[in-house]
Number of protein chains: 2
Amino acid sequence: MPTVSSVNVNGVRAASTKGLLEWLAATEADVVCLQETRALPVDLPSGFLAATAGWHLTLEPAAAKGRNGVAVLSREAPVAVRTGIGAAEFAGTGRYVEVDLPELTVASLYLPKGSAGTPKQEEKDLFLAALATHLAERREKALADGREMVVAGDFNIAPAEADIRNWKGNLAHSGFLPHERAWIATLCASGWTDVVRAVHPGVDGPYTWWSYRGRAFDNDAGWRIDHVLATSGLAARAEHAVVERAPSYDTRWSDHAPVTVRFGPP
Amino acid sequence: MPTVSSVNVNGVRAASTKGLLEWLAATEADVVCLQETRALPVDLPSGFLAATAGWHLTLEPAAAKGRNGVAVLSREAPVAVRTGIGAAEFAGTGRYVEVDLPELTVASLYLPKGSAGTPKQEEKDLFLAALATHLAERREKALADGREMVVAGDFNIAPAEADIRNWKGNLAHSGFLPHERAWIATLCASGWTDVVRAVHPGVDGPYTWWSYRGRAFDNDAGWRIDHVLATSGLAARAEHAVVERAPSYDTRWSDHAPVTVRFGPP
DNA sequence: CCTTCGAGG
DNA sequence: CCTCCAAGG
């Protein structure tokens with residue numbers, strides 16, 4: 001009955017000076033997926049290494065310094081680690097890492113941020129296509145191996161109107177484009193479950209990201225773009241799902257908040 | 001009987017968030033020379049503009065964004081302003097500005113930092129040669145016009161052994177090279193007086209700059225490289241000369257400290 | 001160890 | 001409005 005948490009840290013070095021370490025010390029998660037670590041292994045702060053000394057750290061940095069980077073912290077040792085989504089053009093971009101734990105496969109994902117009408121959006125769309133194929137394959141393989149699977153991370157897509165405070169103003173913006181929402185809907189109709197939404201249907205939010213600009217955080221003008229997707233059998237065991245929104249602008253240590261899901265026994 | 005202060009702020013924007021504004025509010029100086037302002041006029045923080053609302057600001061930024069920059073704050077309005085040291089190769093580098101106040105000419109200087117044996121040292125040496133000529137001319141002109149003159153700023157040269165804590169270890173380092181010390185000695189033998197040293201002969205320091213690295217500030221392992229030079233007649237009226245060293249590492253707002261000199265009536 | 005810039009978000 | 005890089009100090 002693992003608890004899985006996911007958070008985009010917006011730079012593990014900066015976050016480590018602002019509260020990530022205290023959060024790690026307090027969390028009861030068995031697995032933590034991190035995104036935007038933006039550091040090579042050798043550049044991880046000593047405080048982060050100390051705070052995660054009791055965990056197994058699987059880090060997939062980008063080849064480009066200071067960019068992207070995903071990781072999985074797990075209390076249990078991984079029995080296998082795989083990186084990338086099987087598309088050569090995204091190799092070395094530090095956007096996906098997958099670990100097999102004894103009874104669970106967990107992937108940490110940092111999906112590209114797009115910008116409608118620009119090459120960045122084309123890149124995001126290419127990633128979406130490749131990722132859909134990859135996740136279908138990995139899900140099938142995991143289930144065949146007797147493992148359930150979780151894909152957690154920053155999808156940079158809000159699935160529905162309830163997932164953005166100002167959805168009307170964002171109809172033409174990347175992260176809420178119709179084809180992006182359709183992509184998530186298709187994924188969730190093919191054996192994956194958006195656990196937070198399944199546990200909290202019919203409510204606005206909970207948001208997971210707030211721009212640093214303006215008063216977005218204080219006004220809770222956020223987006224729900226960080227998701228924990230689980231294979232349906234596992235999702236059915238979800239007992240608890242929360243977004244750990246910081247109490248104030250001053251106490252948060254990233255522009256994203258952790259998403260934490262607890263699964264009960266089979 | 002003006003009081004003249006000089007300080008390298010290491011970025012007026014950063015310094016304004018750390019204590020420069022409080023220092024400006026408290027200073028009794030009539031003229032403040034600033035160096036390394038590193039900001040265009042349009043980028044000056046609103047707090048700095050508010051804190052200097054009672055002053056006249058003469059700013060000489062560098063053409064290159066975020067680099068160098070000198071300024072003079074004066075309680076009296078300048079009657080004339082001149083920039084540069086009359087050498088075309090240093091035009092637009094934001095290293096020298098000179099204002100005529102009713103009874104005093106004041107220059108704010110940021111001399112290039114060198115690095116022994118590199119092209120940077122050659123540039124510094126060229127600047128030294130051009131500056132010597134320029135200062136001789138300006139001094140003569142000021143005196144002819146019935147003004148005394150002050151040249152204040154970051155000279156990036158410690159004049160003598162008493163001006164560096166670890167002088168033996170710096171005999172081959174830029175800022176303490178024999179020909180740099182000779183340049184200052186020549187200047188001070190040609191009508192200019194190093195006011196702080198004149199008021200405090202025979203003591204070590206007071207230092208005006210401490211590296212941010214290591215424990216240099218806590219150990220007072222500094223350099224005296226910020227100077228107030230005055231024409232001899234004015235220097236003879238010096239009543240007080242201090243380096244306003246911050247009480248602790250945490251309270252300082254620049255790697256340099258203000259040098260403040262008070263002159264009595266003629 | 002600081003401050004800028006510029007890229008990226 | 002952040003985090004990072006690189007250059008400059």
Side-chain angles (χ1 to χ4, degrees), chain A residues 8-18 20 35-40 43 45 61-69 93-95 110-115 118-121 123-124 154 156 173-175 209-218 221 223 225 249-250 252-256, chain B residues 8-18 20 35-40 43-45 61-69 93-95 110-115 118-121 123-124 154 156 173-175 209-218 221 223 225-226 249-250 252-256:
Chain A
N8 178 320
V9 296
N10 191 24
V12 69
R13 282 172 284 188
S16 291
T17 69
K18 299 197 289 185
L20 169 61
Q35 299 88 39
E36 279 205 271
T37 44
R38 303 176 71 170
L40 299 174
D43 294 324
K65 274 189 86 172
R67 303 284 296 284
N68 308 334
T93 59
R95 293 192 174 275
Y110 177 45
L111 214 140
K113 186 180 176 77
S115 178
T118 74
K120 293 218 170 278
Q121 189 64 39
E123 185 185 309
K124 182 177 184 178
D154 179 357
N156 268 315
H173 285 78
S174 184
W209 173 80
W210 304 262
S211 170
Y212 275 124
R213 305 182 204 193
R215 301 228 171 284
F217 187 84
D218 292 338
W223 297 47
I225 57 177
Y249 180 93
D250 289 335
R252 72 183 176 154
W253 39 268
S254 170
D255 49 348
H256 296 250
Chain B
N8 177 320
V9 295
N10 192 24
V12 69
R13 285 172 283 188
S16 291
T17 69
K18 299 197 289 184
L20 169 60
Q35 301 87 38
E36 277 205 273
T37 45
R38 303 175 72 170
L40 299 174
D43 294 325
L44 292 173
K65 274 190 87 172
R67 304 284 297 284
N68 309 334
T93 60
R95 293 192 174 275
Y110 176 45
L111 214 142
K113 186 179 175 75
S115 178
T118 73
K120 293 219 170 277
Q121 189 63 41
E123 185 186 309
K124 182 176 184 179
D154 179 357
N156 269 315
H173 285 79
S174 183
W209 174 81
W210 305 262
S211 171
Y212 275 125
R213 306 183 202 192
R215 301 230 172 286
F217 187 84
D218 291 338
W223 296 48
I225 56 178
D226 298 271
Y249 181 94
D250 289 335
R252 71 184 177 154
W253 40 268
S254 170
D255 48 349
H256 296 251

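In the text below, chain A, chain B and the rest are named by the order of the sequence lines, each starting its count at 1. The figures that follow rest on heavy atoms only: side chains count, while hydrogens, waters and symmetry mates do not.
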>> Has B:Asn68 got a side-chain atom pairing as donor or acceptor with B:Arg95's backbone, closer than 3.5 angstrom?
In response: no
Donor-acceptor under 3.5 Å (B:Arg13 side chain, B:Arg38 main chain): yes
Whether each nucleotide of nucleotides 3-9 of chain D has a protein heavy atom under 4.0 Å at its base (B), only at its sugar-phosphate (S) or at neither (-) is summarised, 5' to 3', as BSS--SB
side-chain hydrogen bond (donor to acceptor under 3.5 Å, both in side chains) filter on B:Asp154, not counting sequence neighbours, yields B:Asn8
A:Lys124 atom NZ is separated from C:dG9 atom C1', nearest whole Å, by 12 Å
Separation of C:dG9 atom C1' from A:Gln35 atom CD, nearest Å, is 14 Å
Whole-Å distance, A:Gln121 CD to C:dG9 P, equals 12 Å
Heavy atoms, side chains only, cut-off 4.5 Å: are B:Tyr110 and B:Asn156 in contact? yes
Across all chains, not counting sequence neighbours, the side-chain hydrogen bond (donor to acceptor under 3.5 Å, both in side chains) partners of A:Asp255 are A:Trp209
